[in-house]
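A quick note: this is a predicted structure, and the numbers were derived from the prediction, not measured.
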Amino acid sequence: MGALAWLLIPLAAAVVAALWGRWAARHRSTGDGASLAGYERFRTAMETGALGEEQAGDGESPRGPVVGPVP
């Protein structure tokens, strides 16, 4: 009976390892749609911000001329 127990322990471990391997390799959805849409909005905002700075052209901030180091 002891020999049977010693054979069943590795068999049970192999079954558990196979189940875990199957679970770990399952197909997961990445959910990148919302992230990519947010990135696209960010890029658009940065591009329009850069165009606004080029159109200003005088190098002044909206609050007036920049004097000294800007924090």
Side-chain angles (χ1 to χ4, degrees):
M1 189 67 176
L4 183 61
W6 280 108
L7 289 175
L8 288 178
I9 291 171
L11 180 64
V15 169
V16 169
L19 290 174
W20 178 82
R22 179 134 178 135
W23 176 78
R26 72 189 186 282
H27 178 66
R28 300 178 193 169
S29 63
T30 57
D32 284 340
S35 174
L36 291 175
Y39 176 68
E40 189 60 37
R41 286 193 308 269
F42 171 76
R43 280 189 43 201
T44 303
M46 288 292 107
E47 288 173 0
T48 55
L51 292 176
E53 290 172 6
E54 289 174 2
Q55 292 171 354
D58 56 5
E60 292 186 10
S61 73
R63 296 184 203 157
V66 178
V67 178
V70 178

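Remark: R43 pairs with E40, E47 by the salt bridge (charged side-chain N to carboxylate O under 4.0 Å, His left out) rule, at least two apart or across chains.
Rounded to the nearest 0.5 angstrom, L11 CG and W6 CH2 are separated by 14.5 Å.
Hydrophobic cluster of V16: no remaining members, since no ILVMFWY side chain lies below 4.5 Å from it. Hydrophobic clustering, defined by side-chain heavy atoms of Ile, Leu, Val, Met, Phe, Trp and Tyr closer than 4.5 Å, groups L19 together with V15.
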